Each structure stands twice: as structure tokens, then as C-alpha cells.
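Not measured: the values here are computed from a predicted model. Order of the sequence lines fixes the chain letters, A, B, ..., with proteins taken first and strands second; residue numbering starts at 1 for each chain.
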Amino acid sequence: MRLSRFFLPILRETPKEAEIVSHRLMLRAGLVRQMSAGMYAWLPLGHIVLRKIEQIVREEQARAGAVELLMPTLQSADLWRESGRYDGYGKEMLRIQDRHERDMLYGPTNEEMITDIVRRDIKSYKDLPFTLYHIQWKFRDEIRPRFGVMRGREFLMKDAYSFDLSEEAARISYQKQFVAYLRTFGRMGLKAVPMKADPGPIGGDLSHEFIILADTGESEVFCHRDLVDMDIPGEDTDFESDLSAIVDGRTSLYAATDEMHDPARFDAEVPEDKRLTARGIEVGHIFYFGTKYSEPMKASVQGPDGTEVLMHGGSYGVGVSRLMGAIIEASHDDDGIIWPDAVAPFNVGLINLKSGDEATDSACEDVYAKLTNAGLDVLYDDRDERAGGKFATMDLIGLPWQLVIGPRGLKNGVVELKRRATGEKEELTIDAALNRLTQTN
RNA sequence: CGGGGCAUGGCGCAGCCCGGUAGCGCACCUGUUUUGGGAACAGGGGGUCAGAGGUUCGAAUCCUCUUGCCCCGACCA
């Protein structure tokens with residue numbers, strides 16, 4: 001992509017409404033613009049990152065055996081009356097009427113709808129188990145939206161729903177999502193700690209939140225220090241095998257959010273030098289809720305002996321749009337964002353130090369074509385701008401690599417390659433730079 | 001919803017107390033000189049001063065109401 005033809009409105013000064021660093025940087029780097037309280041337009045650069053995050057979520061859901069579908073954003077109130085949540089959900093649910101004055105709502109979550117879909121066609125225990133998910137916009141009419149996309153009213157969420165014949169079987173589905181989440185967040189360069197959580201209005205008796213430690217986190221969390229730096233399960237993890245060892249390895253150490261925190265247990269179970277009290281950002285939340293929805297909505301199958309058995313359910317959410325904020329909170333410096341390689345909107349920023357200079361232009365065009373042909377996503381700053389502004393822009397938007405080409409270097413046959421995360425700069429020949437970039441990406 | 005605050009060009013702000021018809025920095029456009037880590041000079045474009053009503057010869061400025069947004073608390077991916 002040529003920057004001269006892209007839409008990248010960067011801000012030199014910080015809009016005053018942005019308090020936390022991720023919000024400031026998202027506005028400054030041209031990722032989002034606020035349209036009204038808690039609702040954001042995703043500008044091209046932000047949209048690319050959103051898609052990258054989604055893609056990682058998809059790949060790990062597939063690995064765990066979950067199947068994607070897509071449900072509507074608007075739902076009929078009748079389904080929620082059936083489950084009993086229409087009155088219980090409160091003002092956070094945006095309620096609307098269509099032209100026939102039918103009660104509708106903008107879905108804050110989809111347990112009812114997925115249960116309705118499943119109950120219509122699944123009649124036999126032989127069809128179980130399965131897990132369905134979608135990545136769809138949700139709306140929760142938050143009392144006070146804040147922190148940019150971290151607590152918006154409209155937000156993109158991955159929500160998965162498992163259906164099993166029994167509680168024991170459902171716990172296996174739960175474990176698959178648990179491990180999938182470890183991999184999902186790990187691939188984004190995040191250290192996510194699963195913590196015992198309050199099931200809240202979704203209901204149920206088994207629940208974990210996945211928390212990113214960050215000073216600007218909304219909740220206080222308490223955990224065993226060793227949980228923070230645990231390795232993520234490898235690509236070769238067999239999701240059809242028993243995952244208990246991986247799950248138990250995390251859940252056996254103390255970790256709790258403030259509403260579940262038990263100071264006495266914390267002190268008793270965790271040696272003093274391993275006690276970690278910090279703030280955290282919730283990026284995922286998983287629940288096992290048994291027959292909470294299948295019972296009122298009559299979602300059952302016939303068992304082997306011919307009797308009706310209620311399906312046991314769980315639901316598993318990832319805040320996809322929130323993750324972008326969380327990633328930036330975890331990875332930035334004074335100059336701007338530092339995207340982890342896996343979610344960076346482009347692999348390389350190519351800086352032409354002297355647009356209009358024939359030799360420099362043609363060297364840049366050549367490099368741009370070669371990198372693009374090699375399958376790399378390149379943002380080529382071909383604008384007729386001063387060098388300082390180009391460097392500042394590239395640092396702000398945080399692409400993993402910056403390749404700098406100017407007439408002075410070309411005279412000596414070298415270009416500069418900079419790693420954004422470390423600030424390391426290296427002068428090397430164009431061919432060496434191309435090799436380095438194509439081999440490491 | 002309770003408490004606090006803000007609303008003036010794309011962004012950051014001054015002007016308001018003490019009414020006289022809008023200004024600064026950055027950004028943007030043109031030209032010249034520049035050009036290797038946010039250039040200089042000259043010229044220029046852009047504003048229903050959040051909206052409505054009122055007071056007044058005259059309102060960004062004073063009064064009333066409304067709306068939007070932000071911050072602190074209770075809720076959540």
C-alpha cells in the first residue's frame with residue numbers, strides 16, 4: 001500500500017477526551033474515530049488490525065474444533081422472554097420496536113438465539129457434542145462507556161457455545177476453549193492469566209476470566225506470580241486428547257479477580273514472594289452453565305435409551321475489539337504503538353527519504369515490488385514529505401520493521417533497517433535487507 | 001442514575017468576568033529557499049462560537065431551557 005493513496009489521518013496532538021494511552025494512540029495513529037459515546041468508526045489501519053485479530057481467533061477456534069456461523073445482531077424479544085432474561089437483563093439491553101411494534105433488541109449476547117437454532121434440528125445424542133461460534137457486533141448500553149474501545153457500547157465479540165450430553169462431557173468442551181484461549185492470546189503477544197471468575201448474569205457454576213495485566217486495567221486481580229510467564233500450549237496440541245493437565249496446571253495455582261478474591265486463601269496458598277496483586281484487563285470470559293437455557297427453552301435430545309436429555313451448555317467470549325486496546329496497553333513506548341508481529345497491520349514500513357529523487361524513487365519502487373511479491377504487506381511512504389515527519393509517523397503506527405532508503409545511503413550501496421520494538425538500526429545492502437525481511441516474516 | 005467538568009475552523013487552546021460582530025499554535029493550500037530523525041519565510045483558504053429562546057441599538061460574551069461529550073462511583077467482553 002502506498003501511503004499517498006491510503007487514508008491515514010494521524011493526529012499530532014492528543015484529543016482531550018482520551019485519558020488512557022491505548023485510546024490516545026488509537027486516535028493519534030488513525031485507527032479509530034469516535035462517532036458517539038462508546039461507538040467507534042474503524043478507520044482503514046484499525047480495520048486491518050481488527051481483521052488480523054479476528055483471524056487468529058478463527059484459527060484457534062478451528063484448531064479447538066469449533067465451527068463458525070453468523071447470527072443476526074437484532075433479535076426477537078420473544079426468545080428472551082422464553083429464557084426469562086428479557087426482564088432480568090436490565091437497561092444495558094438496547095430495546096427497540098420494528099414498524100409492526102414488535103419488541104426487538106440489539107443482541108448483547110446470543111445464548112437464546114443459538115439455543116433456538118440448535119433445538120430445532122438436533123434431536124439425537126449422536127449429534128453431540130459440538131461447539132458453534134460467531135464473530136459479531138454486540139451492543140450493551142453501558143452506563144458509562146470509557147477507555148476508548150475497551151469499554152464501548154458497540155463492540156466486536158467472538159462468542160462460542162458448546163452443546164453436550166452431560167456435565168462431564170461439557171467440561172471437556174470447556175477445557176478445549178480454555179486451551180484455545182491460552183493459544184489465542186499468546187499468539188497476539190499477550191500474557192493472559194486465567195482467573196476464577198464470577199459467572200454473573202450469564203449464570204452457571206464454572207467460569208474463568210482471561211486477564212491481561214496492565215496498570216490501566218479496570219479490575220484488581222490477585223494471582224500466583226508463576227502464572228504470568230507460563231509457556232503457551234504448542235501448535236501440536238491435540239485437542240482430542242485429555243487437556244486436563246494443561247488446564248489443571250493453570251487452575252491449581254491461585255488466581256482470582258477482586259469479586260472472587262479470598263485474602264485468607266491467597267496468603268495460605270501462595271508464598272509471600274509469589275503473591276502478585278495487579279490490575280487487569282478482561283479479554284475473555286468462559287462459562288459452563290449446564291441446562292440454564294436448555295431447560296426453559298426445551299433444548300433436548302433423545303439419549304441411547306430413548307429418554308429425553310437436556311443439553312448441557314457453555315459459552316465462551318473474546319472481546320475482539322477490546323483486544324486491540326489491550327494489545328496497545330501492553331505494547332507501546334513514548335513514540336507510539338509497537339505492534340506484535342502477529343497483528344501488525346503491515347509487516348514493513350518503507351520510507352523514501354527523498355521522494356522525487358530519481359535514484360531513490362526507483363530503488364524504493366524496486367524494493368516495494370520485491371517485498372510485495374514475496375508476500376509481505378508493505379506500507380510505502382512515497383509522500384513528498386520531510387524525513388522527520390515520516391519517521392515520526394512510522395514510529396507512531398508501530399509497524400514491526402522500517403526500511404529506510406535515501407540518496408546518501410544508496411551512494412554507498414546501503415539502506416537502513418530498523419526494528420520498531422527494540423529501536424535497533426542496521427545499515428546493510430538492499431539485497432541483505434530483502435533477505436532479512438523475507439526470511440523473518 | 002448520583003457527583004464534577006467541558007462545548008469557539010481538522011487537533012490543541014485564548015477571548016467570556018468588564019457585550020461592539022472572532023484570534024493564536026499545529027494541520028491544510030500556493031510560492032520561494034530547503035531537504036538524512038516533526039524546516040524557514042511570504043501569501044492564502046476554512047468558523048451557523050453545540051442548539052433554541054430571552055435581555056439589549058448590538059450577544060461567543062449576560063439570563064433560561066435543551067442537547068452532546070468527558071471525568072469520579074455502581075455494571076460488563
- [ ] Produce a footprint string for nucleotides 29-35 of chain B: one letter per nucleotide, 5' end first; B if the base is under 4.0 Å from any protein heavy atom, S if only the sugar-phosphate is, - if neither.
- [x] -----B-
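- A/G423 comes within 4.0 angstrom of nothing in the nucleic acid, heavy atoms only.
- Nearer to the 5' terminus of RNA chain B, by closest-nucleotide assignment, is the contact made by A/L410 (compared with the other of A/L410 and A/M150).
- RNA chain B is contacted by A/Q34, A/S36, A/A37 of residues 31-68 of chain A, taking any non-hydrogen atom closer than 4.0 Å.
- Judged by closest nucleotide on RNA chain B, A/R144 is the one of A/R144 and A/V318 placed further toward the 5' end.
- For RNA chain B, the neighbouring residues in residues 10-18 of chain A, judged by any heavy atom under 4.0 Å, are A/R12, A/E13, A/T14, A/P15, A/K16, A/E17.
- Out of B/G37, B/A77, B/G38, the shortest distance to the side chain of A/R28 is found at B/G38.
- Residue A/R146 has a polar side-chain atom (N or O) positioned under 4.0 Å from OP1 or OP2 of B/G73.
- When heavy atoms are screened at a 4.0 angstrom cut-off, A/K411 is found touching no nucleic acid atom at all.
- Of the side-chain N and O atoms in A/R151, none sit less than 4.0 angstrom from OP1 or OP2 of B/A77.
- Within 4.0 Å (heavy atoms only), A/D159 reaches no atom of the nucleic acid at all.
- Among the heavy atoms of the strands lying under 4.0 Å from A/V283 are primed sugar atoms or P, OP1, OP2 only; no base atom is included.
- Stacking of A/R85 on the aromatic ring of A/Y293 is not recorded, the 6.0 Å distance cut-off and the 45° axial limit not both being met.
- Contacts of A/G284 with the nucleic acid, taken as non-hydrogen atoms under 4.0 Å apart, involve only primed sugar atoms and P, OP1 or OP2.
- Checking side-chain atoms of A/T131 against main-chain N and O of A/A66 turns up no donor-acceptor pair under 3.5 Å.
- Proximity of the aromatic rings of A/Y288 and A/Y174 is defined here by a centroid distance below 6.0 angstrom, and this criterion is not met.
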